[in-house]
Amino acid sequence: ESIRLEVARYRPGQDAEPVFASYEVPLMPDWAVLDGLTYVKDRLDGTLSFRWSCRMGICGSCGMTVNGEPRLTCGTFLTEYGDGPVRIEPLKGFPVIRDLVVDIEDFLAKLSSVRPWLVRGGEELPLTAEYAQTPAQLDAYKQYSMCINCMLCYSACPVYVLDPDFLGPAAIALAQRYNLDSRDMDDRFDVLSQEDAVWGCTFVGECTNACPKHVDPAEAIQRYKLTAALRSVLPWSRR
Ligand code: FES
């Protein structure tokens, strides 16, 4: 038994526009979409380009658009698509480098812009110090630390697709991972309170639906809107 993959092929600068190439691959019960692509590359067409690394939903590099939805291809089984075909495209919202590979530079710059580290207000954390946290203090930020930077939330976000300057769900959730950490003394107000940051979000909520790790960026953003609004009337408040 086999299933047909329709895979977007595109070399910017050489091809006028993306075209879909069809490949028949074995329909195995334990094969993910990524296994199908690997079969194509190994057996049918070695020129196909795509990213992957861990094959177990940890590295975040295998995100693609599968039948119109942003998915981790290593965690999406071919059998989900019945008799097929399965249409595989690069993640929407990002410039294509080649075939299914997108440019992640803008995404990485957005992550770094939120100061994704513990800020101690001039006081460095001594390497030898122990900053014990209670389970409740850990719970306050733990879900945001589960993000694997797969970019599915950006691809699902209609605001980001229309406005690439929007800071976006993962970067705001990452900021909250630190803001809500009891060891952190920053609130990243200068970055997060901008028009293209939390106020750009129209609360569609697709970011949360798309997240394969059950992070809730939509909640992170709405929560920070409240923080930012409070801070504008009570400047000493934070979080
Ligand atoms: Fe690492 Fe899919 S290959 S998340």
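All ligand and atom numbering here is 1-based and tracks the order in the structure.
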Strictly distance-based, threshold 3.5 Å: is any side-chain N or O of [X] a donor or acceptor partner for the main-chain N or O of [Y]?
{"X": "S193", "Y": "A228", "result": "no"}
{"X": "D184", "Y": "V119", "result": "yes"}
{"X": "K41", "Y": "L48", "result": "yes"}

Ligand-side contact atoms (ligand 1) for residue partner [X], heavy atom cut-off under 4.0 Å:
{"X": "C74", "value": "2 (Fe), 3 (S), 4 (S)"}
{"X": "R55", "value": "1 (Fe), 3 (S)"}
{"X": "S53", "value": "3 (S)"}
{"X": "C62", "value": "2 (Fe), 3 (S), 4 (S)"}
{"X": "G60", "value": "1 (Fe), 4 (S)"}
{"X": "G57", "value": "4 (S)"}

Exercise. Is D216 salt-bridged to R223, cutoff N-O under 4.0 Å?
Worked result: no

Exercise. Per the side chain to side chain contact (heavy atoms under 4.5 Å, CB included) rule, which among N179, N149, L111 passes with L174?
Worked result: L111

Exercise. Hey, is I58 touching ligand 1 through its side chain, its backbone, both or neither, going by heavy atoms under 4.0 Å?
Worked result: backbone

For this session: Using distance alone, with no hydrogens and no angle criterion, decide if R9 and T47 have a side-chain donor and acceptor under 3.5 Å apart.
Result: yes

For this session: Would you give the angle at atom 1 (Fe) of ligand 1 between C54 atom SG and C59 atom SG, to the nearest 10°?
Result: 110°

